[in-house]
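Numbering of ligands and ligand atoms starts at 1, following listing order.
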Amino acid sequence: MRVHDTEMPQRPLVLVTRRLPGEALALLERVARVRVWDSDEEMPRRELLAQVADADALLCLLTERVDAELLAAAPRLRVVANMAVGYDNLDLAALAARGIVATNTPGVLTETTADLAFALLLAIARRLPEGERFVREGRWTTWAPLLLLGRDVHGATLGIDGAGRIGAAVARRARGFGMTILYTARAPRPELERELGARQVAFDELLAHSDFISLHLPLTPETRHRYDAAALRRMRPTAYLVNTARGPLVDSAALDTALREGWIAGAALDVTDPEPLPATSPLLTLPNCLVVPHIGSASVATRTRMASLAAENVVAVLEGRPPLTPIPH
Ligand code: NAP
């Protein structure tokens, strides 16, 4: 772990809480001194509070909680640029009360995250992790009519919970698989209905009629534990849940029971609660649960674009311009 400052004390100071790909640091260094937590591990909270004390800007990740405590430790802060589209780690009211600009990285990660959601859907339906383990364990002795039978993805019904940017991108992929598409949204999406024949339904109907449900809602007080025991019980016993949104949308204890007792057929999770998921989690003992470590946006090109966009937002605010992608409030 290393913290380094570039010279030129008259320039504003940007605290960057992790190593970043691409040109992001170079963009920042054109206008500011840059202090980087030069590590792939999380910045300890105490260190973060100490290092942000003289910062004019903070470029952070979803692992950093930006709350009243942090803002109290950062009297000079003018902008917080979250390198993520989700911003449930930011206390927007506290930021607004201080007049601090908050930005996120919408759009640049949409297609990459949709790719991962679809990869998880295919993998859990066709039992890829189980099959891979089976081969590695030397148990593949013959072709067998009953070996590792899964569920067809083509022709099935996909429920998109939260038809925003990523939800719509997943729906477009599903169209190529001849899937019927249901979606929830607070306002109808006529273009999805025209383009994909998608149909808006109430949450209850989505639960009852989907063979696969893919979550694409933001985490808010309203959506936290949307998938509680009651919701999971309303799903089909043959249905699968795919979560690439945020872990706490799902009640983990209820999901564990649902998977053990066969309320649903399986789950594929890019995000968990807690996160990281400890290796001792009971979910990891279940063959019908696939977990990957929050890699939705993890392609070289997309992480590079996210870092650059976050840096461009910081530069804009430090130069007195409006940021490219402010968080709406
Ligand atoms: P988005 O375009 O804002 O889509 C979210 C959608 O959810 C919007 O259409 C929103 O509707 C809808 N929504 C919000 N509350 C709802 C509710 N109570 N009922 C029904 N619909 C509701 O955001 P996005 O870019 O698609 O990203 C979605 C989420 O994915 C992010 O918030 C983030 O947490 C997560 N994400 C995860 C990864 C990963 O690495 N796994 C990567 C990117 C994003 P309105 O338009 O009415 O608000």
Side-chain angles (χ1 to χ4, degrees), residues 18 21 61-65 82-90 92 102-121 123 159-174 181-193 198-207 210 213-228 231 241-250 267-273 275-277 290-307 309-310 325-329:
R18 209 72 66 89
L61 317 178
L62 50 85
T63 45
E64 277 83 51
R65 204 164 22 84
N82 210 32
M83 190 181 136
V85 63
Y87 45 81
D88 43 280
N89 58 315
L90 307 185
L92 293 185
T103 68
N104 63 344
T105 60
V108 293
L109 42 55
T110 298
E111 299 298 331
T112 299
T113 308
D115 284 347
L116 197 269
F118 220 82
L120 288 178
L121 188 157
I160 299 284
D161 198 12
R165 285 173 293 252
I166 300 170
V170 172
R172 289 194 187 94
R173 284 155 179 72
I181 297 155
L182 308 177
Y183 73 94
T184 66
R186 294 191 288 200
R189 298 283 311 260
E191 77 286 7
L192 284 186
E193 308 202 354
R199 187 161 65 84
Q200 185 180 8
V201 293
F203 182 44
D204 258 346
E205 200 180 333
L206 190 93
L207 293 171
S210 301
I213 295 182
S214 192
L215 276 56
H216 301 290
L217 302 151
L219 175 62
T220 64
E222 188 194 350
T223 62
R224 180 177 292 271
H225 282 200
R226 181 171 170 93
Y227 289 81
D228 57 8
L241 191 72
V242 178
N243 190 4
T244 57
R246 283 291 181 269
L249 294 174
V250 179
L269 313 172
D270 181 43
V271 289
T272 58
D273 183 21
E275 196 170 303
L277 193 68
L290 162 59
V291 184
V292 293
H294 205 145
I295 53 171
S297 62
S299 75
V300 175
T302 290
R303 285 286 167 80
T304 303
R305 278 197 293 267
M306 289 166 68
L309 179 53
T325 49
I327 294 174
H329 55 265

re atom 33 (C) of ligand 1, the protein heavy-atom contact at minimum distance is R246 NH1, 3.7 Å

Heavy atom of the protein closest to atom 47 (O) of ligand 1 (residue, atom name, distance) |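 Of every protein heavy atom, R186 NE, 3.1 Å lies nearest to atom 47 (O) of ligand 1.
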
Measuring to protein heavy atoms, does anything land under 4.0 Å from atom 27 (O) of ligand 1?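 Yes, there is a protein heavy atom closer to it than 4.0 Å.
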
Contact check, L219 vs ligand 1, heavy-atom distance below 4.0 Å
no

Exercise. Answer with yes or no whether P106 contacts ligand 1, where contact means a heavy atom under 4.0 Å from a ligand atom.
Key: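 P106 does not count as a contact of ligand 1 under the 4.0 Å cut-off.
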
For [atom], which candidate among [options] holds the nearest heavy atom?
atom	options	answer
atom 19 (N) of ligand 1	L217, V85, T184, N89	L217
atom 24 (P) of ligand 1	I166, T244, V292, V108	I166
atom 35 (C) of ligand 1	A245, P328, G86, G296	A245

Note: ligand 1 atoms sitting under 4.0 Å from heavy atoms of A163 are 9 (O)

T220 side chain to T223 backbone, donor-acceptor under 3.5 Å: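 Judged by distance alone, yes, a pair lies under 3.5 Å.
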
Worksheet item: Would you find a donor on one side and an acceptor on the other, under 3.5 Å apart, between the side chain of T184 and the backbone of A202?
Response: no

Next on the checklist: If you apply the rule salt bridge (charged side-chain N to carboxylate O under 4.0 Å, His left out), what do you find for E64 with R18, and how did you get there?
Outcome noted: CA-CA 10 Å; E64 277 83 51; R18 209 72 66 89; 3.7 Å; yes

With heavy atoms and a 4.0 Å threshold, my read on which part of H216 contacts ligand 1 is backbone

Going by the 4.0 angstrom heavy-atom rule, the piece of A298 near ligand 1 is neither

Do NZ/NE/NH1/NH2 and the carboxylate oxygens of D115 and R173 come within less than 4.0 Å? yes

Ligand 1 and [X], any nitrogen or oxygen pair closer than 3.5 angstrom?
X	value
T110	no
T113	no
T223	no
D161	no

Only residue of D161, I160, I166 satisfying side chain to side chain contact (heavy atoms under 4.5 Å, CB included) with L217 is D161

In short, T302 meets V108 closest at the heavy-atom pair CG2-O, 3.6 Å

What one should report as the nearest heavy-atom pair of L207 and Y227 is CD2-CE2, 3.7 Å

